[in-house]
Amino acid sequence: MLEIENLRFAYSGEGPSFRYDITAGPGTVTTISGPSGSGKSTLFDLISGSATPHGGTIQLAGNSMLELPVARRPVSILFQSNNVFGHLSARDNVRLGAPRDLSGTEPAILSALETVGLAAYADQRADRLSGGQQQRIALARTLLRNKPILLLDEPFASLDPELVGQMRLLIKKLTGENRWITLVISHLEGDTGEFADRSYEMRDGRLLPSG
Amino acid sequence: MLSRQTVGWTIGAAILLLIAALFAALFAAPENPAAPAIDIADLLRMTLTQAAISTTVATISGTAIAIALSRLNFRGRALTISILSSAIVAPAIAVALGLLTIWGRAGLIADATSALGVTWNWSIFGLHGIVLAHAVLDAPLVARILIDRLDAIPADRLKLGQCLGLGPWQRIRIVDWPALAPALPGAIGLVFLLCFTSFPVVFLLGGGPANQTFEVAIYGAVRQSFDLGGAAQLALVQMLACLVVILPVLLAAPQFGETATHRGYVWRPGATGSAISALIVAMGLLFYVSPLIAPLLRGLTAQNLLRLFALPSFWQALTTSLLIGTASALLTAILALQLSLARAGLRSRPARTALLLPAYAYLLTPAVVISLGLFLIVRAMGFAPQSAAPFALIIGSVLLALPFALSSMAPAADAIAARYGKLIQSLDLGPLTRWRFIEWPLMRTSAGTVLAMAFCFSLGDLGIIALFGTEQFATLPWAINRALGAYRTNDAAAMTAILLVLNFAVFLVLPRLIAGRHTDA
C-alpha cells in the first residue's frame with residue numbers, strides 16, 4: 001500500500017504551494033487530473049525523489065521512502081515523451097531497466113518486448129519507431145525493472161485514440177499481473193472510467209478524491 | 001531611398017572585391033632573391049602538429065569542465081559561465097604574458113622557489129608552452145559551447161536516467177553524448193582553426209625557429225627578410241591548408257552570442273561525484289583565470305603605473321587602441337546589421353547564402369594574412385604603409401570580427417522577419433519606423449554583444465598590427481610586444497593589466513548598457 005499523508009511542497013519565491021493526501025493499493029490504477037500548473041507533476045517529482053518535500057510522509061508498505069536516493073526508490077516513471085533514448089535500439093533501451101543481478105537478461109528483455117508486442121523490433125533504433133511503440137518500449141523496461149510503483153505522466157497525450165485504448169488495456173493488465181501501484185496523470189476523460197480504480201483531482205493546491 | 005537588399009548586396013560586393021584585391025596583391029608580391037629559403041613542408045608539419053596537440057588538450061579539458069559544470073547547481077554558476085564566455089575575447093598576448101609571469105624564469109613560481117633556495121630551471125618556451133597557452137584560451141571556449149548543449153537536455157530525460165540508476169559512465173555515454181556529439185565537430189573545427197592560425201602565442205612562447213608556424217614565418221619573411229613574395233606564398237599555402245582541413249568541419253560550427261538555455265532540472269550526482277565535479281570546475285577556472293590575474297598582480301603596482309603614465313608612448317598607444325577599437329566596433333556592427341537585415345528579407349536560399357558568404361570567407365583568413373594583403377595593397381597604391389596603418393587596422397579588425405558578428409545578428413534579424421514580417425508588411429511601416437520601433441528594440445542585445453566583441457577583438461589584436469606597427473604608430477599589444485623585446489617586463493605587465501581591465505570591462509558592461517532591459521527576438 002502506498003500512503004501519502006500531508007505531503008507539502010512550495011516553489012521558492014511567490015510560487016504556488018501544494019498539499020497531497022492519497023492512498024493506493026497494489027494492482028490498482030489511480031488517475032490524477034487537474035489544470036496545467038496545478039501541481040500534478042510535482043507530486044510525481046516528490047514520489048520519485050526529483051524534488052524534496054517541505055513536510056509530510058510517503059510510505060510504501062509502512063516504510064518511509066523519503067530517505068531513499070532517487071536511483072533506489074521503488075519507482076518506475078514514464079513521461080509524455082523522452083521515455084526512450086533515441087540513439088539506442090529497443091533492446092538496449094529495455095536493457096537499461098535490467099537489475100544488475102538479473103540472470104538470463106537477454107531472454108528476459110525479449111520476453112518483456114514480447115509482452116508489449118515489440119519483439120520483432122528489438123534491434124530497431126528507438127527513434128525510428130512510432131510514438132506508441134516508444135511508449136511500449138518504456139513499458140517493457142518497467143516490466144524488467146519490476147518496481148512496485150509505476151508513475152505515468154500524461155502517457156497517452158501524444159498517441160492517437162486507437163492506440164490510447166490499446167495502451168490502457170496493456171497498462172491495466174500489467175498492473176494487475178505485477179501487483180503494481182499505478183498512478184496516472186491524465187487530462188483524457190476516458191482515463192477516469194473503467195481504466196481507473198480510483199480518481200483524484202488537484203483543486204486549489206490540494207489533491208482531493210474526484211466525483 | 002535605397003532598398004535594404006541593395007545596401008546588403010553592395011556591402012557583400014565590396015567585401016568580395018576586397019578578397020579579390022587581397023588575392024591579387026598576394027599573387028603579385030615581389031620576391032627577394034637574397035632572402036633565406038623557406039621550408040614550407042616543415043612549417044606545415046609543425047603547424048599541424050601544434051594545432052592537433054593543442055586542439056586535443058583543449059577539447060578534452062573543455063569537455064570535462066562542461067560535463068562537471070552540468071552536474072552542479074551553485075550560486076555563481078551563471079558567473080562561472082560568463083567567465084568561460086570571456087575566453088572568446090581574452091587577448092592571446094595577455095595569456096602568453098600571463099603564463100610567462102607565472103612560469104617564466106623571472107616568474108612567480110621562480111620567485112617562490114628561489115625564496116626556498118631552489119633554482120627554477122624549467123622553460124615555458126617551446127611546443128609545451130604553446131599547447132599550454134592554447135589550452136588556457138580554448139578549453140573555456142569548448143566548455144562554453146558544450147555547456148549550452150548539456151543544459152538543454154530535456155528534464156524528463158535526466159529524471160529518467162536518474163530513476164534508472166545510470167552510473168557516471170553510463171550517464172556520459174547514454175545521456176550526455178547524444179547532446180554533445182552534434183556540437184563537437186564544430187567546436188573542434190573552430191579550436192583547430194584558432195590554434196592553426198595563432199600568432200601571438202607562437203610568436204611569444206615558440207622559443208625560436210624550431211617551433212615556428214605559418215603566421216610567425218610570414219611575419220619573419222616581411223619584417224626580417226623583406227621577402228614579400230615568400231610571405232605571400234606562405235599566406236596562400238596557409239589559407240589552402242585551412243580550407244582543406246577546416247571547411248568540412250566548420251560548416252557545423254556552433255553559433256556565438258547564444259543565450260544560455262533554461263535548465264529544467266539538475267541531476268546531481270552523489271557526494272563523491274559532486275566533489276569531483278566541483279574540483280574539475282575549480283581547477284578549470286584556476287587554469288584559465290590565473291594567467292589573466294598574474295599580469296594584474298605584477299603589473300598593477302603604483303610604481304609601475306606611475307612610470308608608465310609618464311611615458312608619452314603609452315598614451316599614444318592607448319589612444320590609438322581605443323580609437324581603432326571604437327571605429328572597428330561601430331563599423332562591424334553597422335555592416336553586420338545591414339547584411340543581416342538584407343538577408344532576412346530574402347526568401348531564396350542560395351541568395352541568402354551568397355549574401356553572407358564573402359564575409360564568412362574571412363573566417364579562413366588569419367589576421368597576419370589579412371595584414372599582409374592590406375600591406376601589399378597599400379604599397380601597390382603608392383602609399384607608405386605607416387600612413388595607411390590606421391585604416392588598414394580598422395579594415396582588418398572588421399573583417400576578422402564580421403563572421404562572429406553575423407552569427408549573432410543574422411539569427412536575430414531572421415527571427416524578427418519570421419515573427420513579425422507579415423504584420424510589418426500589413427502595417428506598411430517605413431524602414432525608419434520599422435527600425436526604431438521593432439528592429440532596434442529587438443536586436444539591441446545582440447548589437448551590444450557584437451559591439452563589445454568587435455571592440456575586444458580589435459583591442460587585443462597583435463596579428464594585424466604586426467606588419468604595420470612602428471615606434472611612432474603603436475597599439476597597446478604592439479607596445480607590450482616592444483616592451484618585452486626591450487626587456488621592460490614591468491612596463492609590459494602594467495600595459496597588459498590595463499589591456500585586460502579595459503577588455504573585460506567592455507565585454508561585461510557594454511552589452512548590458514546597450515541592451516538595457518530589452519531582450520532580443
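Just so you know, these numbers come straight off a predicted model, no measurement behind them. Lettering follows sequence order; numbering is per chain, from 1.
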Supply the atom-to-atom distance Arg157(B) CZ to Phe85(A) CZ, rounded to the nearest 0.5 angstrom.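 If we round to the nearest 0.5 Å, Arg157(B):CZ and Phe85(A):CZ are 6.0 Å apart.
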Looking at CG of Leu151(A) and NZ of Lys159(B), how far apart are the two atoms once the value is rounded to the nearest 0.5 Å?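 Output value for this atom pair is 11.0 Å.
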Would you call Cys163(B) and Arg145(A) a side-chain contact if the rule is heavy atoms closer than 4.5 Å?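 When only atoms from C-beta onward are counted, Arg145(A) and Cys163(B) do touch, with a gap below 4.5 Å.
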Using a cut-off of under 4.5 Å on heavy-atom pairs, state which of Asp92(A), Leu78(A), Val84(A), Val75(A) scores highest against chain B.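 Top count of heavy-atom pairs under 4.5 Å with chain B: Val84(A).
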Which portion of [X] sits near chain B, non-hydrogen atoms under 4.5 angstrom:
{"X": "Arg72(A)", "answer": "neither"}
{"X": "Asp45(A)", "answer": "side chain"}
{"X": "Ser48(A)", "answer": "neither"}

Quick check: closest heavy atoms across Arg173(B) and His87(A), and the distance to 0.1 Å?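 Closest approach of Arg173(B) to His87(A): O-NE2, 4.0 Å.
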Around atom OH of Tyr121(A), are there more than 12 heavy atoms of other residues, nucleotides or ligands at under 6.0 Å?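 No, not enclosed.
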Within a radius of less than 6.0 Å around CD of Gln166(A), do more than 12 heavy atoms belonging to other residues, nucleotides or ligands occur?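 Atom CD in Gln166(A) is crowded, with more than 12 foreign heavy atoms closer than 6.0 Å.
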Report the residues that fulfil side-chain hydrogen bond (donor to acceptor under 3.5 Å, both in side chains) with Ser64(A), sequence neighbours left out, ordered by chain and then residue number.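 side-chain hydrogen bond (donor to acceptor under 3.5 Å, both in side chains) check on Ser64(A) returns Glu67(A).
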Per the side chain to side chain contact (heavy atoms under 4.5 Å, CB included) rule, which among Asn93(A), Leu96(A), Ile77(A), Val70(A) passes with Leu164(B)?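 Result for side chain to side chain contact (heavy atoms under 4.5 Å, CB included) with Leu164(B): Leu96(A).
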